[in-house]
Amino acid sequence: MTIRLYDTSARQIRDFTPLVPGCVSIYLCGATVQAAPHIGHIRSGLNFDIMRRWFAYRGYDVTFIRNVTDIDDKIIAKSAEQGRPWWSIGYENERAFNDGYTALGCLPPTYEPRATGHVTEMVEMMRGLIERGHAYEADGNVYFDVRSFPGYLALSNQELDNLMQPSGTGETGKRDPRDFAMWKSAKPGEPSWETPWGRGRPGWHLECSAMAHKYLGAAFDIHGGGLDLIFPHHENEIAQAKAYGDEFAKYWVHNAWVTMSGEKMSKSLGNSVLVSEMVKAWRPIVLRYYLGTPHYRSMIEYSEEALREAESAFARIEGFCQRVVEKAGGPVEPAAEVPLAFAEVMDDDLGVPQALAIVHTTVRQGNSALAADDKDAAIARLSEVRAMLGVLGLDPLDPHWAGEADRGEDLHGAVDTLVRLVLEQRESARGRKDWATADAIRDQLQQSGLVIEDSPSGPRWTLGPR
């Protein structure tokens with residue numbers, strides 16, 4: 001068994017060999033908490049949650065770090081705009097992100113460090129870089145000298161002579177316009193911390209280099225994040241960490257975006273879809289299916305039609321699970337191992353679309369077993385399906401998703417009573433061989449959003465896709 005991953009730095013799929021046998025260390029660039037998350041933000045968390053689950057299934061001891069950027073230019077701008085403390089905005093949105101991760105079934109990280117809690121580590125790293133000749137102080141700012149690091153831009157494959165480095169206001173005293181700020185001098189009314197070079201606040205890139213070093217050491221296995229972070233963020237992280245003396249990440253894994261009308265979903269473009277609103281309109285497990293089942297390196301073009309298709313596809317899986325449990329007369333436990341074909345495609349760069357095709361094939365086999373009244377075969381297929389869905393975080397019978405079934409339980413009981421009265425009328429019509437009336441009742445129920453199935457134990461109803 002060898003897991004293979006696409007490594008952005010190598011520009012190819014590579015066999016995964018851990019630094020420490022049996023262990024895997026992952027650093028994921030997490031939320032910048034200037035605003036509540038949209039589904040594009042949460043996609044990254046979902047993709048790496050599936051990666052983490054697969055490593056755990058394969059027997060690895062996983063250390064998973066997902067940081068919180070709780071101070072940056074955007075948070076400070078929001079603070080001035082809203083007349084609220086920067087930390088209040090950051091904490092409110094940090095909670096919104098965690099609510100979103102939890103709602104969509106992401107396991108909590110091993111550690112979730114905040115940038116503002118690691119200024120001491122940042123100062124230590126800057127001091128080391130200045131001593132080694134890779135950084136310098138100017139006007140209270142501390143800059144990284146990009147020309148001092150020969151490997152700069154290897155990840156993004158750019159030419160230094162053509163580089164346009166993003167710069168913020170107040171970044172004065174640069175020796176080269178392509179140098180980037182690790183520390184920004186204090187401005188009136190802005191948060192700041194004391195350092196040997198005066199009061200100021202950290203730059204975005206320094207935060208992650210320092211926190212990765214703190215929690216994972218000088219070398220770790222996988223660094224993850226969205227494609228948009230390759231430059232400048234990840235490129236600058238590499239420069240800082242390696243110039244400091246760290247080996248840093250062995251593999252770089254990047255997920256693609258959620259787009260709308262071909263553009264990356266972004267608050268600045270005004271095309272975002274907030275997670276807090278989406279979970280009111282769609283079941284969270286359906287959102288997880290929609291965002292988590294395309295390949296992590298494939299773009300997702302957002303549309304309501306695509307969401308409805310995901311809802312219908314998941315309903316077929318969920319309906320099968322419910323029917324088998326009903327047939328079995330009690331719980332059916334997941335299999336100890338997933339099918340070999342499923343494992344093979346997951347090992348191959350987390351081939352979730354192919355893995356999901358195996359899930360649906362197994363569901364069809366299970367439905368055939370149900371139709372043939374082969375209880376043992378149906379239970380065996382459900383056991384396999386639960387094992388596979390568990391790895392994807394999509395098992396509808398898992399306790400995490402039990403709350404979804406519990407919501408509206410009282411309403412379900414009332415609707416059930418009313419529907420059964422109508423179904424009794426349909427059964428009476430069928431008994432009289434009045435097929436036209438029976439079919440008309442079924443069609444009316446379906447138009448109201450219900451799906452009627454005739455089973456050996458009598459008719460049963462479920463909510464159909466919207």
Side-chain angles (χ1 to χ4, degrees), residues 8-9 27 29 32 67 69 71-74 76 113 115-116 118-187 190 192-220 223 225 228-249 252:
T8 304
S9 61
Y27 185 94
C29 285
T32 298
N67 77 292
T69 298
I71 186 69
D72 84 332
D73 293 344
K74 294 176 182 177
I76 292 171
T116 54
H118 297 80
V119 171
T120 299
E121 290 83 0
M122 297 178 209
V123 170
E124 181 180 337
M125 183 168 277
M126 285 188 288
R127 183 183 286 115
L129 287 168
I130 290 172
E131 291 172 354
R132 292 169 175 79
H134 292 292
Y136 58 94
E137 182 273 338
D139 300 335
N141 302 297
V142 179
Y143 298 109
F144 187 90
D145 180 354
V146 298
R147 288 189 175 276
S148 74
F149 182 66
Y152 191 58
L153 300 180
L155 181 69
S156 57
N157 200 29
Q158 297 184 78
E159 295 291 336
L160 184 60
D161 290 342
N162 300 327
L163 179 66
M164 296 292 290
Q165 185 79 256
S167 291
T169 58
E171 293 187 12
T172 60
K174 284 187 179 182
R175 296 174 184 170
D176 187 309
R178 291 162 294 195
D179 294 345
F180 62 86
M182 295 190 294
W183 191 261
K184 302 184 179 186
S185 61
K187 300 178 183 62
E190 290 188 356
S192 63
W193 289 261
E194 190 61 61
T195 75
W197 313 283
R199 295 192 67 85
R201 61 182 176 85
W204 177 30
H205 317 304
L206 178 65
E207 296 172 350
C208 284
S209 294
M211 286 187 284
H213 180 94
K214 166 80 172 182
Y215 292 94
L216 297 177
F220 58 96
H223 196 311
D228 52 319
L229 300 183
I230 294 174
F231 181 84
H233 187 48
H234 289 166
E235 198 73 79
N236 292 350
E237 278 188 69
I238 292 170
Q240 292 163 153
K242 291 196 170 183
Y244 184 67
D246 289 356
E247 293 181 39
F248 212 47
W252 286 85

**Student:** At their closest point, which heavy atom of M122 faces which heavy atom of P202, and how far apart are they?
**Tutor:** SD-CB, 3.3 Å

**Student:** Taking everything shown except K174 itself, do over 12 heavy atoms lie less than 6.0 Å from its NZ?
**Tutor:**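 Correct, the count exceeds 12.
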
**Student:** Looking at OH of Y143 and CG of L129, how far apart are the two atoms once the value is rounded to the nearest 0.5 Å?
**Tutor:**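 Answer for the OH-CG pair, Y143 versus L129, is 15.5 Å.
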
**Student:** Do P196 and M126 come close enough that some side-chain heavy atom pair is under 4.5 Å?
**Tutor:** no

**Student:** Kindly say whether R178 contributes a backbone atom to a donor-acceptor pair with the side chain of D176 at under 3.5 angstrom?
**Tutor:**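 Yes, because the side chain of D176 sits within donor-acceptor range (under 3.5 Å) of the backbone of R178.
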
**Student:** Testing the basics here: between D246 and A218, what is the closest heavy-atom pair and its distance to 0.1 Å?
**Tutor:** CB-O, 3.3 Å

**Student:** Any ion pair linking R132 and D145 (charged N to carboxylate O, less than 4.0 Å)?
**Tutor:**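 R132 and D145: not salt-bridged.
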
**Student:** Can a donor-acceptor pair be found, under 3.5 Å and without considering hydrogens, that links the side chain of D179 to the backbone of V146?
**Tutor:**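 Side chain of D179 to backbone of V146, a donor-acceptor pair under 3.5 Å: yes, one is there.
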
**Student:** Under 4.5 Å between any side-chain heavy atoms of R127 and T195, yes or no?
**Tutor:**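 Answer no - side chains too far apart.
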
**Student:** Could you tell me the separation between the CZ atom of F149 and the CG atom of L160, rounded to the nearest 0.5 Å?
**Tutor:**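 Reported value, rounded in 0.5 Å steps: 12.5 Å.
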
**Student:** Roughly how far, to the nearest 0.5 Å, is the SG atom of C208 from the CD atom of Q240?
**Tutor:**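 That separation rounds to 9.5 Å.
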
**Student:** Mind checking ring-ring contact (aromatic ring centres under 6.0 Å, His included) for Y152 and listing every partner two or more places apart, or none if nothing turns up?
**Tutor:** none

**Student:** Looking at D72 and K74, is any side-chain nitrogen of the basic one under 4.0 Å from a carboxylate oxygen of the acidic one?
**Tutor:** no

**Student:** Just checking E121: does its CD atom have more than 12 heavy atoms from other residues, nucleotides or ligands closer to it than 6.0 angstrom?
**Tutor:**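 More than 12 within 6.0 Å, yes.
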
**Student:** Looking at every non-hydrogen atom in both residues, tell me the closest pair between Y136 and R175 and how far apart they are.
**Tutor:**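 Taking Y136 first and R175 second, the nearest heavy atoms are OH-N, 2.8 Å.
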
**Student:** To the nearest 0.5 Å, what is the distance between CH2 on W193 and OG1 on T116?
**Tutor:** 6.0 Å

**Student:** F231: what forms a ring-ring contact (aromatic ring centres under 6.0 Å, His included) with it, not counting sequence neighbours?
**Tutor:** none

**Student:** Give, for atom CD1 of I230 and atom CG of L153, the distance between the pair rounded to the nearest 0.5 Å.
**Tutor:**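 I230 CD1 to L153 CG: 12.5 Å, rounded to 0.5 Å.
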
**Student:** Is a donor on one side and an acceptor on the other found under 3.5 Å between the side chain of Y27 and the backbone of F220?
**Tutor:**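 No, the answer is negative, given that no donor and acceptor are paired below the 3.5 Å cut-off.
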
**Student:** Can you check whether R201 reaches I76 side chain to side chain, under 4.5 Å on heavy atoms?
**Tutor:** yes

**Student:** Can you give me the closest heavy-atom contact between G140 and E137, atom names plus distance?
**Tutor:**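 Shortest heavy-atom contact: N-OE2, 2.7 Å.
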
**Student:** Closer than 3.5 angstrom, by distance alone: can the side chain of R199 be matched with the main-chain N or O of S192 as a donor-acceptor pair?
**Tutor:** yes

**Student:** Hey, can you tell me if F180 and H205 have their rings parallel, tilted or perpendicular (30° and 60° cut-offs)?
**Tutor:** perpendicular

**Student:** Any side-chain heavy atom of S209 within less than 4.5 Å of one from M125?
**Tutor:**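 Yes, at least one pair of side-chain atoms sits under 4.5 Å.
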
**Student:** Are any of the side-chain heavy atoms of E237 and H223 separated by less than 4.5 Å?
**Tutor:**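 Yes. Closest side-chain heavy atoms under 4.5 Å.
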
**Student:** Test your reading of the model: is there a side-chain donor-acceptor pair from S185 to the backbone of G200, 3.5 Å cut-off?
**Tutor:**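 Between the backbone of G200 and the side chain of S185 there is no qualifying donor-acceptor contact (under 3.5 Å).
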
**Student:** Of the non-hydrogen atoms in V123 and W197, which two are nearest, and what is the gap between them?
**Tutor:** O-CH2, 3.8 Å

**Student:** Relative to each other, are the rings of F144 and H134 parallel, tilted or perpendicular (30° and 60° limits)?
**Tutor:**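 Correct class here is parallel.
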
**Student:** Mind checking whether E207 and I71 have side chains closer than 4.5 Å, heavy atoms only?
**Tutor:** yes

**Student:** Hey, is CD on E194 packed in by over 12 heavy atoms from elsewhere, all under 6.0 Å?
**Tutor:** yes

**Student:** Please check if the number of heavy atoms outside K242 that lie under 6.0 Å from its NZ is greater than 12.
**Tutor:**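 No, because the 6.0 Å sphere around NZ of K242 holds 12 heavy atoms or fewer from other groups.
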
**Student:** Roughly how far, to the nearest 0.5 Å, is OG of S156 from CD1 of I238?
**Tutor:**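 Rounded to the nearest 0.5 Å, the CD1-OG separation comes out at 8.5 Å.
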
**Student:** Below 4.5 Å, heavy atoms only, C-beta onward: do W183 and V119 meet side chain to side chain?
**Tutor:** yes

**Student:** Could you check whether any side-chain heavy atom of T8 comes within less than 4.5 Å of a side-chain heavy atom of L155, counting everything from C-beta outward?
**Tutor:**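 Yes, at least one pair of side-chain atoms sits under 4.5 Å.
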
